[in-house]
Each structure stands twice: as C-alpha cells, then as structure tokens.
Visitor: 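Below is one structure. I have some questions about it.
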Amino acid sequence: MRKYIKKIKGYYLLLPSLLGFALFFIVPFIGGIRYSFSVSGFNNAFVGFKNYKEIFTSEAFSLALKNTGIFMGIAIPLIIVISFIISLIIHEIKAPKLIKMFIILPMIIPSATVAGFFRRIFGTSGFNIIDSDYAMFVIILIFIWRNTGYNLIIYLAGLAQINKEVIEASEIDGANYFQKLWHIIIPLCTPTTVFVAIVTIINSFKVFKDIYILQGSYPNPKIYMLQHYMNNKFRDLQYEKLTSAAYVFALVIFAFAFLMFMIDKRYAKKVGES
Amino acid sequence: MKRIIALVICIIIVITTVSCSTESSNNINQQNDVQNEITIAIREMDYFQLEGFNKILLDYTDRFKRENGVKVNFDVISSNSSDEYSEKLNAKLHLKDGPTLILIPDYQTYNTFIEQEIGLNLKDGVPYYNKVYDSLLDDSDCFVPIGVKYLPTVLHKNVLDKLGIEVPSFDWTREDYLKIRGKWLESEPRNFTLSQYWELVYSPITELKIIDEANKKVSLNNPKVKEFLKAIREQVYSSKYILKPEYTYENYHNMIVDSKSKEYQESREYERNNESENYTSTTYLTNPLRSLDTAVEFDMVVVDEKIVLPYVLDSDSPVSVWGFIVNRNGMNIELGLEYINGLLSDETQLSMFQKKDDIYYPVNKDIEDEIDKIEEEKNINKEAIALRKYIINQIKKGTFSPSNQEMRIYKKLVKMIGSDFSKFIFTDEPYTDEELSEELQKLEDKYNMWLNE
C-alpha cells in the first residue's frame, strides 16, 4: 500500500498544473475545432473544410504565412547561433555579471519604448527602412535584440552542466578548441538547443506586439504576419477564419517541434557513447 | 512533510471543485434578479460623454427602471483604441447571456455585427421601428438608430466679405464651394498645412471612386489617378501655397502620417491660431438639425460670424446616427426590445429635441409637426428652421445614407491611400509614367489584399 501511495504521490502533486493546463490550453484547443468547421462563431452550421479552403485562397493569409515563415526561418536559427556564441564567450572568459545584465536588459523594456526607439532609428526620421521592402530586417533585429538574453540564460545553464572531465579528457587526447567545440560541447548542448529552439518559437509570437505598435493592424505588407491576420479576424468577429488559420499554424509548429525532437534523439550524445 | 503537502493540495482541490458546483438558495433570488435586468455594452469614453452630449439616454434609462422595475446596467468597456474596444466587446459577445444591447455611437460602423449574425432582426420586435426615417434604416433591419447628427460646412463671413463673395444659399453646390476655395487661394498665398493637404486629397479620392465598396476593389493604377496626382503636385508647388523651404519629403510625410511628429504638432498649432483667416471653420460643433440650438447662435452678433450650410464637398456622408444592435445571445432580449421601443416613442424623441444636454436630432418622422409647433411657439430664428427643414428633406430623399453603414475599413483605407499619395506629391524628382504605374500597382495590390482580407 505504501509503495502504491508513494508511486501516485507524484501525480497528485502534478494535478493542479495538469488541471490548469487542460482547462486553459487543451480544452480551448479542442473546442476551437468546432468554430473552424462552422459558418461563423455565432452560427454552428457545419460547413466542412470551406473555411480552410477560403483561407488558403486568401492572398492576405498566404502573405502572412510566407512572412511568418521567412521571419521564423531566418530569425530563429540566427538567434540560436548568436545566443550560443555569446554564451560560449561569456562562459569561457567568465565575464562579469554586468555584461550579462546588459544583454538580458532588453527583455524587460516595455514594447512601446522599444517600438518608439526603433521608429526613431529606422522610421521616416531615421533610415526609413520600416516602410521599405527591407522592413523584415528591422523586425528580425528587434527580435534578436530583445530575446538573446533569454536564450543566453538557458545556454549558460546548459554549458555549466557539461562534465569538465570530458573536456579535460579531450585535452589530454590533444583536441584543439574547435575539435572540442564540434565533437563535445555542441553535441552535449543539443538538448539545451532543442529547448532554446522551442522557447524561441514561443517568443517569436511576441514580436507581433512590437510590429503592431510600430505600424498598426495593416502594416507594411513585408511585415504582415499571421498574428496580424488572426488579430484582424478576431476584431472582425470572424472566428471561423481565425481558428482555421490558428490550426494550420499549430500544425506547422508541431511539425517543427517534432523535427527538433528527432534532431535531439539523433545527435545528442551522452557521456561515454561512441 | 511530503505527505502533508500532498494532503493539503488534495484538500484545496476538493474544496475548489465542491464550491464551484454547489447551488445555494441564493441562486434562486439571483435568477429572479437576472430575469429583470438588461445590460448595455458601451465604450468608456462614450459613457462619460452621455451626461454632456446624450442626456436623453440617461434620463430615459432612469424612467424605464422606475416604470418597469427593470435593472439597466451599463457594461462600460475601457480601452485605449477602437481596436482594443472591439476585441474586449467581442469577447463578451461570446458569453451565454451576454450584453443585451450594444450601443453604436455616431462615429462607429456596425456592419461587422450584422455580417457575423450577432444582431437580431428588429422589424417585428420593435413596433416603433417603422417610425424611423427610411433612409436611416439598414437593409438588414438589425440596427435601430435613435438619434441623428449632421456635419455641415461652415464658412467665415468675414472672409467671404473680404473676398467679395455673397453668402451662398442652402442649395449651393460643390462647384460653388470650389469657387470660394479657389478665390481664397488666389487672394494671397496661404501656408500649406495638414488641413490644406487633406482638402486637396481627401475629397478627390472619394470622387474618383478609387474604392468600390460593393465589389471590394481598389483601383489605383489608371490614367485618372495619375492625372490627379500630377494636378495635386502642380497645385502644391504653385504660387497658391507657402511651403517651408527647409521641409523635404520626409517632413511632409511625418506631418501627414505621424500625429506625434513635430511637423504635425506645428501644423495643427498654426491652424488653431489662424482659424479665423480660413474660409472654412473646423471648430463649429452644433448639429444644424437642432434648430433650437443653432437659432441661439444665429441670433448672437459675433465678430467672426459663421455661415452654416449643407455639406456639398463630396459624396462622403455628413449624416451619422447613434443607436443599438440587439445581441441575439444577450440576456432578456424581450426587455431590451421594450427599452429600445420606448426610446423611439414620440414623447422620448421630442424630449431629445428639446433637451439642452443633447446633440442629436430625433429619428422619428411622425413628430415633425410637433417640432414645427415648438419652433413656432418659441419664435426662433427663421434661418435656423429653414436649414433644419432643408437637411431633413435631404434625409427624407435619401441623399445620404448614414456613414455608420460604410465598411469598417473604408475611412481607414482612404486615409492610408491619402498618406501613400504624399510620396508622389512631395517627391524631389517627379516619377516617370512607368515608375508611377509600378508604384501605383504595388499600392493597388496591397489595398486589394486588405480589403479582401
């Protein structure tokens, strides 16, 4: 009996979190499917895949999907690489806390301040890139500037966990720094990288706030994202299109997360594995 | 220790689950209260203006509560922007027994509520619905207007006298207006301000029919628009306007696009300080349909006498209404319909006309004779009466539909197009025909995408 109680105790402790997660995420996620197959948010008549067909033929949705894909395809790998390099440097040189603080600081600056700052530099009174075809560059810059600090914290923790004996053993075997990096540090950091990638994807959704403050509901088409499309649909009470777009996006994210886990499974090395 | 923590958590979960599902005897009383209650969803800034601009709603609500024993709640929604307000309101509309009525102010469009089947058809549910002027009603019969406002064109008499122009009569035309503007510009060079820009650009955009609302289509890449841009550029750089020598395209763009920019602030300040030298007035706020109010102003002898005339500049509607949409998912819809019906009654509508703390005119066409009687009894300025009747005739003829019936995005689009045009008007080097075609096509594609989002 005691063994049984000991076994299920853990589940009881998890229960509040699981209940909350189910109530606020799983249930709405499943419940929203109904809207995507209905005439509208206020008329439940079943229409099959009509809403999905309409969004895929919508120029605005296609543009939003393309821009979001470009943004995530460039910004996420870039920020992962930059955060890793900076964390490696900080880890190696044992940089003072002040430097870490300055890198992390942009995370806590309000979006309105960030938008105002970037508008001054890249808006009409500055280089005027926000209204041009290269506006995506500004958005990627904002994203990297704001979120590198967050990834830095995770990577520093990951690097601190690497067993020093493995590094010392490789040094004894005559490995140079780049060989250590390629064969030991990066593989051992793969689980951390997968976690950073997933967290970065989640943080990438927040860039919509900065673009919205910069340019409103209908920005420069080059930076019109999926969140703009969904936000506009919510404002216009078109819940059927909103949920359809959200599920398409969720599928893309699931596919990406699955890819990350496969990479983790394949390339992550444990100590002692050949 | 771990056992104690686990036990405490289990107890908390049990208590929470039980308390959420228990029905108490209080619920029966609560249900009775809810049956005698309606809720009106209203934006915070509109709610705070009711006392000064729409007192009839507050007074009628008090009377309705007293006479019917019904609780009327105002669900005041605070927001920093119209988009934020829409999002907060939309979240409430999804609730079972959500707000009964949605107050639509005179500056807001309501098509979204009708297209998404939120509004209830009111024709049969509101007996007094047929008392409303036909041109103010919507084809869907899901919106009921309660009060109407009209935006006139107001001229400064002293400026007309200086120009040697006679005061136009009510049946003046757009050409008369443009003649006055032309003569004003020719008399001496004028400082180029933001208002001057929008005067040059806004009306022609609507007159060129660039936006086809019915077919959701924008047409920019055509000879009409190119000629228009060329003509505007020539006008701006003619001797009619004084341009700031230090200003480049960026300065003008800031002035037009960014309301927080230094250029915008400077332009607005100049306009405020030099209002009386302009041929039109932008500070006149009285609804010319409210003859009791306009009569008082017409009787006053003032230095900068204002001439109030019907709007003629373009096909943009000067008529706007405030009213209600009934939420089909709302609580106590029958009571909500009764509430609206009372607002349309002869007595309430007449009271609106006479109330000092109100800026709207009645929508009830059956009380016109009563209004005539009131005007005669008070022996008010005949010109004010004539103006009211002229405008009412326009409303009866259906010359204008309320601007609330426009597409939600329409005015936004016109402003966006006008802002984008600044690029072609203030550019240092004029665009060639091919370059202009390319740019206009890009804009056209962009706006068609927004329109059909």
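As a basis for the values below, the full set of heavy atoms in this structure was taken, side chains included, without hydrogen atoms, waters or symmetry mates.
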Visitor: Heavy-atom distance under 4.5 Å between the side chains of A/Y224 and B/W450, does that happen here?
Guide: yes
Visitor: Of the backbone (N, CA, C, O) and the side chain (C-beta and beyond), which part of B/N111 lies under 4.5 Å from a heavy atom of chain A, both, or neither?
Guide: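 When you check distances to chain A, no heavy atom of B/N111 falls under 4.5 Å.
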Visitor: Hey, are the side chains of B/I409 and A/Y218 touching, using non-hydrogen atoms and a 4.5 Å cut-off?
Guide: yes
Visitor: For the CD atom on B/E429, are there more than 12 heavy atoms of other groups (residues, nucleotides or ligands in this structure) within a distance under 6.0 Å?
Guide: no
Visitor: Can you check whether B/E115 reaches A/S40 side chain to side chain, under 4.5 Å on heavy atoms?
Guide: no
Visitor: What pairs with A/A160 under side-chain contact (heavy atoms from CB on, under 4.5 Å), at least two apart in sequence or on another chain?
Guide: none
Visitor: Which atom pair, heavy atoms only, marks the closest approach of B/L93 to A/F42?
Guide: O-CE2, 3.5 Å
Visitor: Out of B/N448, B/T112, B/D83, return the one with the most heavy atom pairs under 4.5 angstrom to chain A.
Guide: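 Greatest number of close heavy-atom pairs with chain A: B/D83.
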Visitor: Spell out the residues in residues 230-245 of chain A that have some non-hydrogen atom less than 4.5 Å away from a non-hydrogen atom of chain B, in order of number; otherwise answer 'none'.
Guide: A/N231, A/N232, A/K233, A/F234, A/R235, A/D236, A/L237, A/Q238, A/Y239, A/E240
Visitor: Just to be sure I understand the criterion: a residue of residues 56-63 of chain A counts if one of its heavy atoms is under 4.5 Å from a heavy atom of chain B. Which ones qualify?
Guide: A/S58, A/E59, A/A60, A/L63
Visitor: At a heavy-atom distance under 4.5 Å, which candidate from B/E87, B/Q116, B/M449 has the highest pair count against chain A?
Guide: B/Q116
Visitor: Is it the case that more than 12 heavy atoms not belonging to B/Y447 sit under 6.0 Å from its OH atom?
Guide: yes
Visitor: Has A/K209 got more than 12 heavy atoms of other residues, nucleotides or ligands less than 6.0 Å from its NZ?
Guide: no
Visitor: Is the number of heavy atoms from other residues, nucleotides or ligands under 6.0 Å of A/F49 CZ greater than 12?
Guide: no
Visitor: Which donor-acceptor pairs under 3.5 Å do the side chains of residues 9-35 of chain A make with protein atoms, sequence neighbours left out?
Guide:
residue : atom : partner : partner atom : Å
A/R34   : NH1  : A/N44   : OD1          : 2.9
A/Y35   : OH   : B/H94   : NE2          : 2.5

Visitor: Please check if atom NZ in B/K88 has more than 12 non-hydrogen atoms from other residues, nucleotides or ligands closer than 6.0 Å.
Guide: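 Count over threshold, so yes.
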Visitor: Take a 6.0 Å sphere around CD of B/E269 and say whether it holds more than 12 heavy atoms from other residues, nucleotides or ligands.
Guide: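 No, not enclosed.
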Visitor: Are there more than 12 heavy atoms of other residues, nucleotides or ligands under 6.0 Å from atom CZ of A/F117?
Guide: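 Counting neighbours around CZ of A/F117, 12 or fewer heavy atoms of other residues, nucleotides or ligands fall under 6.0 Å, so no.
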Visitor: Tell me if the NZ atom of B/K262 is crowded by more than 12 foreign heavy atoms within 6.0 Å.
Guide: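 No - once you tally the heavy atoms of other residues, nucleotides and ligands closer than 6.0 Å, there are 12 at most.
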Visitor: Of all the heavy-atom pairs spanning A/Y229 and B/E453, show the shortest one and how long it is.
Guide: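 Looking at all heavy atoms of both residues, the shortest contact is CE1-O, 3.7 Å.
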Visitor: Sort B/K260 into side chain, backbone, both or neither according to what part of it lies under 4.5 angstrom from a heavy atom of chain A.
Guide: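 Neither part.
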Visitor: I'd like to know whether B/H253 forms a side-chain contact (heavy atoms from CB on, under 4.5 Å) with A/D131, so could you lay out the CA-CA distance, the side-chain angles of the two residues, the decisive distance to 0.1 Å, and finally the verdict.
Guide: CA-CA 11 Å; B/H253 186 75; A/D131 292 325; 3.9 Å; yes
